[in-house]
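Notes for the one structure printed next.
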Amino acid sequence: MSKVATRFAPSPTGALHIGGVRTALFNWLYSKNQKGTFHLRIEDTDKERSKDEYKLQIIKSLKWIGIEHDGDEYIQSTKINDHIKVANELIRNGNAYKCYCSNEEIEEQKKRAKQKKLPYVYNRKWRDLPESDAPDNIKPVIRFKSKIEGSSTLKDLVQGDIEIENNTIEDFIILRNDGTPTYNLSATVDDHLMNMTHIIRGDDHKINTFKQMQIYVAMKWTLPSFAHIPLIHTIKGKKLSKRDNASTLDDYSKIGIMPNALRNYLLRLGWSYKDKEIFTLEESIEHFNLEGIGKSPSKLDMSRILSMNEHYIKTINENELYIQLVQYCELFKEKIEADKEEKIKHSLIFLKNKAKTLEDIYNNAKYIVLSKVDFDKNDLNLIDAKAKTIISEFKNNIKILKVLNKETLEPIINNLIKAHKTNFKGIGQPLRVALTGSKFGPGIYDIIISLGKEEVEKRLSDKVLA
RNA sequence: GGUCCCUUCGUCUAUCGGUUAGGACAGCUGGUUUUCAUCCUGCAAAGGGGGGUUCGAUUCCCCCAGGGACCGCCA
């Protein structure tokens, strides 16, 4: 048996969709599991909507999540002549024909079908009409001569055998009247030219597969294996579309979801391996198989994505996490200056305990990242006269400390609690606000220690004087 | 409407005829705790309905219901 080759074939007409990412992931994992190759084909034949920037963005997104294709990307538009050749060959061998129906004629048929509440199927008018009957004012389209009798079976690797009556497949157009090929022709010819052994794609392509299988047969090409994976649905149970929010990769990366977490989530969405939930990239390659793909569509669940991300935040090492944070902040927040690296890296150990996303980490680390703290007016009001006294006393008390750590700070705080007949909150809250500008955030000891003595004194002075 | 697909806790899923139907996320308890969290206990939560086959069905078959996809000279 030949080496497994799979492909992902997006059209560059928009940002990469999370459903597409999962399809790409499954294709990639399957090929890697089988020690085969994975290819990227850009289906850019829709000239109106295809954009180069989208192509670049697709490649970048795939790379972001850990998928890299083998070889160069295959650009469909450069192969149009091959597609046309096949169309002509199909006419020659009697498997396709020119259809001279006018637009009006087709529209009329569609309208009539609609009125009778019947499905529209092209009436195969020109299937057997001689070329001599052709009107000279109409440019023909080329239609594939679909089988009318009997039925066809698709041996789907995920869904099992699917049988369909041949007469439900119409004589679909393979060449438009401007001479350009349509999707079903192009995709089939390309898959053949690229020597694809496994076509793994969304459920929504099932009907196309029946059309494409007929082209393979008509051209006497070897049929690849097909696997149709269930679609991802929105929480409302509908097919996910680009119009839904939180549907593109960017939607996730911008809120600080890490690639590995999303990859892991997507892997487990519609696929399972026993009770295992967490898969490193290597493990996912090792265990991935087509048998583990479920048959029913699955709903996107944000809370799971978040908790997966949280898991990765908590378990990857601080250096790795810091790298991710820096990249994230540079892209979506403030750039982290190099001189902040030490402070932030050391703080990660407590920052990550309260974060589900990189954005959470950023928010909780803002007091370190930004040199100047923004104060909310309501929070500022918390620093009243009494608070100022406390802050000022605290500041005086730490002056004599050589090192700031929990052991040295705790007695000071405890004394203040006693002196002011208050509780920990009574001391901690004003200090927290003065130091970070927020009522919420890391533990007060963590804040003080991470900021360092000099910075603490500076920030406290500002508040007392204010 | 036609064709095809799907159906286990709210969600993702395990089970490949015999289980107290398991896990994870979310939810809710209780505990630890300096805010918010984290962490640790525990609880609750599922086989759409009806027929078969079988000693025994979530598991196999059929019917129904519900949901979904497709039905472009888009890909």
Side-chain angles (χ1 to χ4, degrees), chain A residues 9-13 43-46 48-50 76 99 101 103 106 110 113-114 116-121 139-143 154 156 158-160 162-165 167-170 172-184 186-187 201-208 210 228 230-231 233 235 237-239 265 268-278 291-292 294-308 310-311 314 350-356 360 364 410 413 417 423-429 431-433 438-447:
Chain A
S11 55
T13 54
E43 304 208 329
D44 59 342
T45 52
D46 184 337
E48 305 262 301
R49 296 190 298 153
S50 294
Q76 188 164 63
C99 164
C101 287
N103 272 332
I106 299 288
K110 282 187 184 172
K114 207 173 180 182
K116 289 189 193 160
K117 297 209 167 197
L118 286 170
Y120 163 73
V121 195
K139 275 205 214 156
V141 296
I142 311 296
R143 289 183 184 268
L154 160 63
D156 194 286
V158 168
Q159 317 229 356
I162 302 166
E163 195 181 352
I164 194 173
E165 295 293 320
N167 62 21
T168 60
I169 308 235
E170 69 165 350
F172 54 97
I173 293 170
I174 54 177
L175 234 49
R176 303 183 182 95
N177 63 186
D178 65 357
T180 58
T182 61
Y183 168 73
N184 278 303
S186 296
R201 69 207 333 181
D203 219 354
D204 49 347
H205 279 286
K206 227 185 292 169
I207 296 297
N208 289 328
F210 280 97
H228 291 91
L231 300 174
H233 280 178
I235 206 75
K238 302 282 185 210
K239 175 182 170 181
Y265 171 77
R268 282 286 289 100
L269 189 67
W271 178 84
S272 62
Y273 178 76
K274 301 177 184 168
D275 274 343
K276 194 168 165 62
E277 299 284 351
I278 305 299
E291 295 76 49
K295 292 183 169 192
S296 53
S298 31
K299 295 186 179 114
L300 214 49
D301 180 1
M302 196 56 201
S303 67
R304 274 207 83 167
I305 298 176
L306 252 17
S307 82
M308 187 64 81
E310 183 180 13
H311 176 269
K314 297 227 166 80
F350 61 83
L351 287 171
K352 70 182 182 183
N353 275 336
K354 39 201 314 135
K356 280 185 156 59
D360 291 343
N364 281 320
E410 203 165 24
I413 301 249
I417 291 173
N423 54 18
F424 193 95
K425 204 176 160 186
I427 308 298
Q429 216 51 326
L431 286 176
R432 182 198 308 282
V433 172
S438 171
K439 276 186 290 188
F440 309 108
I444 190 67
Y445 292 121
D446 289 329
I447 293 174

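Every chain is numbered from 1 and lettered A, B, ... according to where its sequence line falls, protein lines coming before strand lines.
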**Prompt:** Just to confirm, is there a sub-4.0 Å distance from OP1 or OP2 of B:U13 to any side-chain nitrogen or oxygen of A:Ser298?
**Reply:** yes
**Asked** Pick the nucleotide of RNA chain B nearest each of A:Asn103 and A:Gly292; which residue has the one closer to the 5' end?
**Response** A:Gly292
**Message:** Could you check whether any side-chain N or O of A:Arg432 sits under 3.5 Å from a backbone N or O of A:Lys425, counting only pairs where one atom can act as donor and the other as acceptor?
**Reply:** no
**Message:** Does atom CD (A:Glu48) have a neighbourhood of more than 12 heavy atoms from anything else shown, all under 6.0 Å?
**Reply:** no
**Request:** Pick base, sugar-phosphate or nothing for A:Asn423, based on heavy-atom distances below 4.0 Å to the nucleic acid.
**Result:** nothing
**Asked** With a non-hydrogen cut-off below 4.0 angstrom, is A:Glu170 in contact with a base, only sugar-phosphate, or nothing?
**Response** nothing
**Contacts of A:Arg304 that satisfy salt bridge (charged side-chain N to carboxylate O under 4.0 Å, His left out) - sequence neighbours left out** = A:Glu277
**Message:** Checking base pairs now: Watson-Crick or wobble, both atom distances under 3.5 Å. What partners B:G1?
**Reply:** B:C71
**Spacing of A:Arg201 atom CZ and A:His228 atom NE2 [to the nearest 0.5 Å]** = 5.0 Å
**Prompt:** Roughly, in whole Å, what's the span from CZ in A:Phe172 to P in B:A75?
**Reply:** 13 Å
**Prompt:** Between B:A14 and A:Ser272, is there an OP1 or OP2 to side-chain N/O distance shorter than 4.0 Å?
**Reply:** yes
**Request:** Report yes or no: does A:Tyr265 contribute a side-chain atom to a donor-acceptor pair with the main-chain N or O of A:Leu300 at less than 3.5 Å?
**Result:** no
**Asked** A:Ile207 near the nucleic acid: base, sugar-phosphate alone, or nothing, with a heavy-atom cut-off under 4.0 Å?
**Response** sugar-phosphate
**Request:** Quick one: label A:Thr45 by what it contacts on the DNA or RNA (base, sugar-phosphate, nothing), any heavy atom closer than 4.0 Å.
**Result:** sugar-phosphate
**Request:** Compare every heavy atom of A:Asn177 with every heavy atom of A:Val141, then report the nearest pair and how far apart it is.
**Result:** CG1-N, 3.5 Å
**Asked** When rounded to the nearest 0.5 angstrom, what is the spacing between CD1 in A:Ile417 and CZ in A:Phe424?
**Response** 6.0 Å
**Message:** Using a 4.0 Å heavy-atom cut-off, does A:Asn177 contact any base of the nucleic acid, only the sugar-phosphate backbone, or nothing at all?
**Reply:** base
**Asked** Relative to the 5' end of RNA chain B, which residue comes earlier, A:Ile305 or A:Asp44, by the nucleotide with the nearest heavy atom?
**Response** A:Ile305
**Asked** Who does B:A65 pair with, Watson-Crick or G-U, both distances under 3.5 Å?
**Response** B:U7
**Prompt:** Do A:Thr182 and A:Asn184 have a side chain donor and acceptor closer than 3.5 Å?
**Reply:** no
**Complete:** In B/S/- notation (B base, S sugar-phosphate only, - none; protein heavy atoms under 4.0 Å), nucleotides 26-35 of chain B written 5' to 3' is S-------BB
**Message:** Distance check, rounded to the nearest 0.5 Å: A:Leu351 atom CG versus A:Asp360 atom CG?
**Reply:** 10.5 Å
**Fill in**
B/S/- along nucleotides 62-68 of chain B (protein heavy atoms under 4.0 Å) is ------S
**Item:** Rounded distance (Å) that lies between atom C1' of B:A69 and atom CD1 of A:Ile164
**Value:** 12 Å
**Asked** To the nearest 0.5 Å, what is the distance between OG1 (A:Thr180) and CG (A:Leu175)?
**Response** 6.5 Å
**Request:** Looking at every strand, decide which applies to A:Lys314 at a 4.0 Å heavy-atom threshold: base, sugar-phosphate, or nothing.
**Result:** sugar-phosphate
**Request:** Taking only the side-chain heavy atoms of A:Asp204 (C-beta and beyond), determine which of B:A69, B:A75, B:C73 contains the nearest atom.
**Result:** B:A69
**Asked** Nearest to the side chain of A:Gln76 - B:U11, B:A75, B:U38?
**Response** B:A75
**Asked** Mind checking the P distance from B:C60 to B:C71? Whole angstroms is fine.
**Response** 31 Å
**Request:** Could you check whether A:Glu48 gets within reach of a base, just the sugar-phosphate, or nothing at all, counting any heavy atom under 4.0 Å?
**Result:** nothing
**Asked** Rounding to the closest angstrom, what is the interatomic distance between B:U13 and B:A21 at atom C1'?
**Response** 13 Å
**Asked** Looking across every strand, which nucleic acid part, if any, lies under 4.0 Å from A:Glu277 by heavy atom: base, sugar-phosphate, or nothing?
**Response** base
